[in-house]
Number of protein chains: 4
Amino acid sequence: MSGEEPRRRGRRRSEESRQAILTAAFDLVAEEGQDFTIEGIAARAGVSKQTIYRWWPTKGDILLESLAEQAEARISTSDRDSYLQDLRHFLDQTFTVLRPPGVRSALRSLMAEAQQNPELLLRFREEFLERRRASLLQIVSRAEVRGDLPPRVRSELVADIVFGVIWYRMLATDRLLDGADAGSLAGLLASHE
Amino acid sequence: MSGEEPRRRGRRRSEESRQAILTAAFDLVAEEGQDFTIEGIAARAGVSKQTIYRWWPTKGDILLESLAEQAEARISTSDRDSYLQDLRHFLDQTFTVLRPPGVRSALRSLMAEAQQNPELLLRFREEFLERRRASLLQIVSRAEVRGDLPPRVRSELVADIVFGVIWYRMLATDRLLDGADAGSLAGLLASHE
Amino acid sequence: MSGEEPRRRGRRRSEESRQAILTAAFDLVAEEGQDFTIEGIAARAGVSKQTIYRWWPTKGDILLESLAEQAEARISTSDRDSYLQDLRHFLDQTFTVLRPPGVRSALRSLMAEAQQNPELLLRFREEFLERRRASLLQIVSRAEVRGDLPPRVRSELVADIVFGVIWYRMLATDRLLDGADAGSLAGLLASHE
Amino acid sequence: MSGEEPRRRGRRRSEESRQAILTAAFDLVAEEGQDFTIEGIAARAGVSKQTIYRWWPTKGDILLESLAEQAEARISTSDRDSYLQDLRHFLDQTFTVLRPPGVRSALRSLMAEAQQNPELLLRFREEFLERRRASLLQIVSRAEVRGDLPPRVRSELVADIVFGVIWYRMLATDRLLDGADAGSLAGLLASHE
DNA sequence: ACGTAATCGAGACGGTACGTCGGGTCTTAGA
DNA sequence: TCTAAGACCCGACGTACCGTCTCGATTACGT
């Protein structure tokens with residue numbers, strides 16, 4: 001029992017700086033390629049580069065931290081009695097989070113950074129992609145228990161399709177995801193005939 | 001009217017250099033992040049930087065050129081009498097092209113580069129993504145004519161799902177796409193009940 | 001009236017730390033430029049940077065303090081009855097102090113630091129260079145009183161020559177100063193014809 | 001005979017940049033340590049840092065190059081028929097070159113840099129100190145041949161004394177060297193009785 | 001065959017950002 | 001009140017690539 005903190009000596013990490021850095025990074029990337037460099041972040045946050053390097057290995061990790069927080073907070077997987085409704089609700093919430101262009105910019109930048117740095121890619125998977133996936137799979141297994149799940153596709157494929165469409169739309173096209181998309185997708189995946 | 005080339009004077013473009021550059025770029029990117037820079041490509045190809053800048057605006061365009069050739073050549077949309085079989089064949093061919101790790105590396109790098117350069121993104125869409133999409137939509141419209149198409153989803157969503165799964169698997173996970181995946185996906189999209 | 005020390009409150013300055021710092025600084029610089037930084041001194045002395053900054057304005061002042069002590073303690077200007085002998089004795093003692101390479105390293109570092117910091121240069125002059133000069137001028141004025149001084153050069157020039165040769169040899173050449181040098185120099189400066 | 005230049009390929013070194021860098025470095029150091037950094041030199045010369053690093057290993061080498069040129073150009077060792085006059089002329093010329101505060105600043109900076117970088121110290125000796133020394137020794141050996149040289153001191157000590165006084169005055173005191181100093185020094189070193 | 005023109009490798013140029021080092025200040029916990 | 005630890009802002013370091021600009025050396029076409 002207990003979570004005794006070791007209480008180290010010396011000055012403590014500045015929460016103010018941490019927030020300033022997360023915000024600056026997000027804002028810069030939201031402004032479409034606007035000076036999104038470590039130096040740019042430091043300048044906008046009013047912080048030294050050293051302070052950034054002390055806590056984050058790459059600028060991608062900064063985005064990762066701020067995006068992971070947001071997603072966790074704003075997408076629930078509450079039980080709505082049917083697979084179709086659960087799925088529809090999950091998609092609607094997700095698409096809402098993705099509405100602001102800044103969020104999409106940040107996610108696209110993060111995905112791009114991750115492709116160029118294998119270690120960041122691992123962290124991105126573990127701390128973001130897998131968690132989002134786990135959220136969805138929770139809905140799927142609830143349906144399975146309920147006997148509500150169409151037999152056609154394995155749950156892993158469901159996740160590949162849902163997140164595949166979401167990311168493909170962000171990365172490869174300009175088209176926003178809307179309620180109609182949520183309806184078609186949920187319809188296809190939850191339909192029994 | 002005619003397609004006469006103007007036949008300019010002076011020394012002609014060196015096909016040897018062109019090939020050396022395409023190969024060097026592809027190889028460097030295949031070796032996972034190994035010095036994939038214009039200078040690196042020039043050095044490995046035994047070519048001057050100027051020669052690269054003369055013919056390609058960005059290093060992403062080099063990848064684009066070499067990948068577009070390959071895909072066009074190796075994925076057919078021949079008529080196999082049923083939507084299910086056409087789709088299945090398309091997926092099998094595509095997954096085969098994607099088998100070599102070098103190809104996947106190149107595609108991931110290209111997608112990453114495109115996220116950071118809006119003009120390259122446009123060219124990437126027009127010269128690669130839209131063409132792949134058009135190939136698939138050919139199969140879908142053939143099914144429509146044939147009356148073979150399940151009514152559940154619009155053809156655009158079919159494309160979003162197919163390419164969504166393909167890209168999501170490449171960018172976000174390690175899992176290769178295999179025959180089983182092709183079967184499930186084709187099954188889901190072509191099934192009538 | 002009295003000589004009562006004010007007896008300030010709180011923990012008193014740690015003599016242990018003071019010595020550790022002086023030694024660490026001297027040793028680091030003796031090892032030819034090895035990590036001779038405030039951070040390096042703090043690390044080797046097992047002391048915090050703050051403790052150094054509290055008592056010395058620059059790292060040059062640390063060297064200054066330890067070198068001034070040594071010189072004062074080890075070079076006498078005792079009367080040996082003739083200018084020639086006094087001078088010869090002064091030079092021999094000085095050259096002996098300068099024999100260990102660590103001492104020369106420290107002096108060269110101190111001179112270099114002083115060139116880059118005008119305030120340190122002032123302290124260096126007052127607390128070291130002028131005191132060494134005063135020592136020598138004591139010998140010269142004793143000779144003057146005795147009527148033993150050759151008329152050719154003013155006493156200031158004598159000091160310029162003596163310390164000039166010493167410093168030039170340290171800073172600009174590799175050649176150690178030895179007994180022969182002491183002899184020639186004393187001979188030149190003390191000869192009457 | 002020969003002296004064929006190798007005629008390398010590629011763009012040639014810009015003499016304009018070279019001069020701008022030498023001038024900028026000299027001027028910055030002349031303004032008493034004002035922003036005397038590689039970045040400062042690059043900024044003032046309107047040149048990239050890379051161009052500096054391509055041709056000079058340290059900022060000391062830049063000073064070295066510009067000072068060596070000046071000294072070589074402005075101090076002659078022409079024969080004036082007597083050792084006393086030759087020496088006196090050498091000292092007068094030297095003191096004249098040293099009159100502007102900027103020159104003294106540059107020399108002091110260079111000497112300081114050299115103390116902190118053993119490789120620069122070697123180059124400083126070879127390309128500056130030893131050449132100045134050789135100039136003087138030329139005068140001394142001419143006197144020797146002429147039978148004009150007082151027997152008291154070896155020629156090496158003459159050089160140690162002359163350059164010792166010059167450097168000591170620059171580094172350790174504020175006092176400028178003037179005609180009177182030249183007279184006393186020449187008198188002492190050239191006097192026969 | 002000769003000149004004009006475009007290409008090629010080489011490599012220097014002005015820049016931007018990198019990731020690191022050290023300086024000097026400030027904050028915390030412990031002695 | 002001092003100490004060691006350690007985080008903070010700042011400025012410079014030396015390096016890597018960027019995209020551009022000469023160079024001399026090859027081609028090739030059109031007189």
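A, B, ... follow the sequence lines: proteins, then strands. Residue 1 opens every chain.
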Side-chain donor-acceptor pairs of residues 16-26 of chain B under 3.5 Å, sequence neighbours excluded:
{"unit_1": "B:S17", "atom_1": "OG", "unit_2": "B:S14", "atom_2": "OG", "d": "3.2"}
{"unit_1": "B:R18", "atom_1": "NE", "unit_2": "B:E65", "atom_2": "OE2", "d": "3.0"}
{"unit_1": "B:R18", "atom_1": "NH1", "unit_2": "B:E15", "atom_2": "OE2", "d": "2.9"}
{"unit_1": "B:R18", "atom_1": "NH2", "unit_2": "B:E65", "atom_2": "OE2", "d": "2.9"}
{"unit_1": "B:R18", "atom_1": "NH2", "unit_2": "B:E69", "atom_2": "OE2", "d": "3.0"}
{"unit_1": "B:T23", "atom_1": "OG1", "unit_2": "B:Q19", "atom_2": "O", "d": "2.8"}

What does the 5'-to-3' dot-bracket notation of DNA chain F look like when only Watson-Crick and G-U wobble pairs under 3.5 Å count, and pairs to other strands show as |? |||||||||||||||||||||||||||||||
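In this entry the distance linking CD1 of B:I62 with C1' of F:dG19 reads 14 Å, nearest Å. If you measure from atom CZ of D:R18 to atom P of E:dC13, you get 12 Å, rounded to the nearest angstrom. Across the protein-nucleic acid pair, A:N117 atom CG and E:dC18 atom C1' stand 14 Å apart, rounded to whole Å. F:dG14 atom C1' lies 16 Å from atom CH2 of D:W56, rounded to whole Å. Taking atom CD of B:Q116 as the reference point, atom P of F:dC18 lies 13 Å away to the nearest angstrom. Summarising the geometry, the separation between CZ on B:R44 and P on F:dC17 is reported as 14 Å, rounded to the nearest angstrom. We find that CG of D:D61 is positioned 15 Å from C1' of F:dG14, with the value rounded to whole Å. Summarising the geometry, the separation between CD1 on B:I52 and C1' on F:dC17 is reported as 12 Å, rounded to the nearest angstrom.
Side chain of A:Q115 to main chain of B:L171: a donor-acceptor pair is present (N/O by atom type, distance under 3.5 Å, no hydrogens or angles). Within the 3.5 Å criterion, the main-chain N or O of B:F36 finds a donor-acceptor partner in the side chain of B:K59.
For B:T51, the side chain to side chain donor-acceptor pair (under 3.5 Å) partners two or more places apart in sequence, or in a different chain, are B:S48. Looking at residues two or more places apart in sequence or on another chain, you find no side chain to side chain donor-acceptor pair (under 3.5 Å) involving D:E127. Residues that satisfy the side chain to side chain donor-acceptor pair (under 3.5 Å) test with B:D61, not counting sequence neighbours, are B:T58, B:R123.
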For each nucleotide in nucleotides 6-13 of chain F, reading 5' to 3', give B when a protein heavy atom comes within less than 4.0 Å of its base, S when such contact involves only the sugar-phosphate, and - otherwise. BBBBB-SB
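A 4.5 Å side-chain heavy-atom check between A:N117 and A:F124 finds every atom pair outside the cut-off.
For C:E119, the CD atom counts as loosely surrounded, since its 6.0 Å shell holds 12 or fewer non-hydrogen atoms of other residues, nucleotides or ligands.
A salt bridge links A:E32 with A:R108: the closest approach of a Lys/Arg side-chain nitrogen to an acidic carboxylate oxygen falls below 4.0 angstrom.
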